[in-house]
Amino acid sequence: MNTDHPDDLDGPVDLDGLADLAVEVAREAAALVSGRAASEVTVADTKTSPIDVVTEADRACEALVRERVLASRPTDAFLGEEGDDVPGTSGVRWIVDPIDGTVNFLYGIPQYAVSIAAEVHGEVVVGVVLDVAKGVEYVARPGADGRPAATRDGVPISVRGPVPLAERLVATGFSYLTDVKVHQAAAVGRLLPRIRDIRRLGSCALDLCHVAEGHLDGYVEEGVNLWDHAAGGLIARAAGATTQTGPGAGGLTLLLCAPSHGAEELRKATVEAGFWGE
């Protein structure tokens, strides 16, 4: 499948080709991460705070993805969590989180993923999230009708059906910045009595995929970045969810994801709980 754009310097973009490349590279990257998990995990650096870690595996994985993608498509742009930003001229940009859930990876908790998205002229059109520990592969790619379709290991997935707010299981996450955590903890405390329960699993990309496959009824977190949710957000939307971003109470970007049929009710509940900023 091709798409044309008047500003596309390299001609029409083969979306199926982007999806095939994303899957191929994600599998190779996951194999690298899995191999590193079997040996000693080494912390290479910290980012926003002393507890926001980067491992050697994060850097090696991102370097592998960048090398493989740009070897196949040298005029594409590349945005990576670990700072491997490369400009491009084709209108295509790859958005990569080499290990989403790095702290889980560091501690040996089997909930982390390789996340690769491709956008064309600012619109995410392909997403792959590969659950490294479990070997589960979530993909969003254009279907026969041209709209994105979501699958888990090649089988179509969709969000859970409508349930009352009190029966919804919602995932969240917490910032590495102490002052933001204070706002988040208070908001979670106000939301919890209104829903079934809260889960904190530690990987934004996988949380979004769990909404997509009906294992969660929603997800809300402040402090997410584009590489955290580009692929998983597309997968969730392709499966029938809605995503929304805006300012959080702690001053960082807030992301809300829920099945479209219940998204507004959950959004209102998170507003009332104090997740959102002014």
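Computed from a prediction, not measured in an experiment: that's the story for all the values here.
Salt-bridge formation is not detected for the pair R68/E24: no Lys NZ or Arg NE/NH1/NH2 atom is positioned less than 4.0 Å from an Asp or Glu carboxylate oxygen. The pair R267-E264 meets the salt-bridge criterion, with a side-chain N (NZ, NE, NH1 or NH2) lying under 4.0 Å from an Asp/Glu carboxylate O.
Side-chain atoms of L15 and R141, non-hydrogen and from C-beta on, never get closer than 4.5 Å to each other. Within the 4.5 Å cutoff, no side-chain heavy atoms of L206 are placed close to those of D100. You'll find the side chain of V103 stays beyond 4.5 Å of the side chain of Y112, heavy atoms only. Taking the side chain as every heavy atom from C-beta outward, H210 and L201 approach each other to under 4.5 Å. Contact of the E81 side chain with the N225 side chain is not registered, since no non-hydrogen atoms from C-beta on lie closer than 4.5 Å. Counting heavy atoms from C-beta on, the side chains of V96 and R66 never come closer than 4.5 Å. Counting heavy atoms from C-beta outward, V125 and P148 have side chains that stay 4.5 Å or more apart. Considering only heavy atoms from C-beta on, L192 comes within 4.5 Å of D197 through its side chain.
For the pair R190 (side chain) and E272 (backbone), a donor-acceptor distance under 3.5 Å is absent. Using modelled atom types, no side-chain atom of H261 and backbone atom of G240 make a donor-acceptor pair closer than 3.5 Å. In this structure, the side chain of R196 does not engage the main chain of D217 through any donor-acceptor pair within 3.5 Å. E222 contributes no side-chain N or O that, together with a main-chain N or O of V180, makes up a donor-acceptor pair within less than 3.5 Å. Listed for the T75 side chain is no donor-acceptor partner under 3.5 Å among the backbone atoms of G88.
Listed here is the closest heavy atom pair of L255 and C204: CD2-SG, 4.2 Å. Pairing each heavy atom of C209 with each of I235, the nearest pair is SG-CD1, 3.9 Å. Residues C257 and V211 share a closest heavy-atom pair of SG-CG1, 3.9 Å. Nearest heavy atoms, L234 versus G127: CD2-N, 3.6 Å. Residue V114 comes nearest to C61 through the heavy atom pair CG2-SG, 4.3 Å, listed as atom of the first residue, atom of the second, then distance. Scanning all heavy atoms of the two residues, the minimum distance from A113 to V129 falls at CB-CG1, 3.7 Å.
Interatomic distance, Q184 CD to L191 CG, rounded to the nearest 0.5 Å: 13.0 Å. Between L70 atom CG and F78 atom CZ the span is 6.5 Å, to the nearest 0.5 Å. Between atom NE2 of residue H229 and atom CG of residue D207 there is a gap of 13.0 Å, rounded to the nearest 0.5 Å. The CD1 atom of I95 sits 4.0 Å away from atom CG of L226, with the distance rounded to the nearest 0.5 Å. Atom CD of E167 sits about 12.5 Å away from atom CD1 of I195, to the nearest 0.5 Å. Taken from CG in D131 to CD in E137, the straight-line distance is 11.0 Å, to the nearest 0.5 Å.
With hydrophobic clusters built from ILVMFWY side chains whose heavy atoms lie under 4.5 angstrom apart, W94 shares a cluster with V120. With hydrophobic clusters built from ILVMFWY side chains whose heavy atoms lie under 4.5 angstrom apart, V224 does not share a cluster with F174. Hydrophobic clustering (side-chain heavy atoms under 4.5 Å, transitive across Ile, Leu, Val, Met, Phe, Trp, Tyr) groups V86 together with V126. Both V65 and V132 belong to a single network of hydrophobic side chains, linked directly or stepwise wherever heavy atoms of I, L, V, M, F, W or Y lie under 4.5 Å apart. Put simply, Y176 and V182 are part of two different groups of oily side chains (I, L, V, M, F, W, Y) that touch within less than 4.5 Å, one to the next.
Using modelled atom types and a 3.5 Å distance limit, the side chains of W227 and S115 yield no donor-acceptor pair. A donor-acceptor pair shorter than 3.5 Å cannot be found between the side chains of S203 and N104.
With L21 as reference, V25 is the one residue of V23, L18, V25 to meet the side chain to side chain contact (heavy atoms under 4.5 Å, CB included) rule. With respect to L256, the side chain to side chain contact (heavy atoms under 4.5 Å, CB included) criterion is satisfied by exactly one of L266, V271, V170, T245: L266.
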TODO: Any chance you could lay out the side chain to side chain contact (heavy atoms under 4.5 Å, CB included) test for L252 and L177, step after step, and finish with the verdict?
DONE: CA-CA 10 Å; L252 304 177; L177 302 176; 4.2 Å; yes
Task: Step-by-step side chain to side chain contact (heavy atoms under 4.5 Å, CB included) determination, D58 to T55 - done: CA-CA 5 Å; D58 285 278; T55 69; 2.6 Å; yes
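Atom NZ of K134 sits in a crowded spot, with more than 12 heavy atoms from other residues, nucleotides or ligands closer than 6.0 Å.
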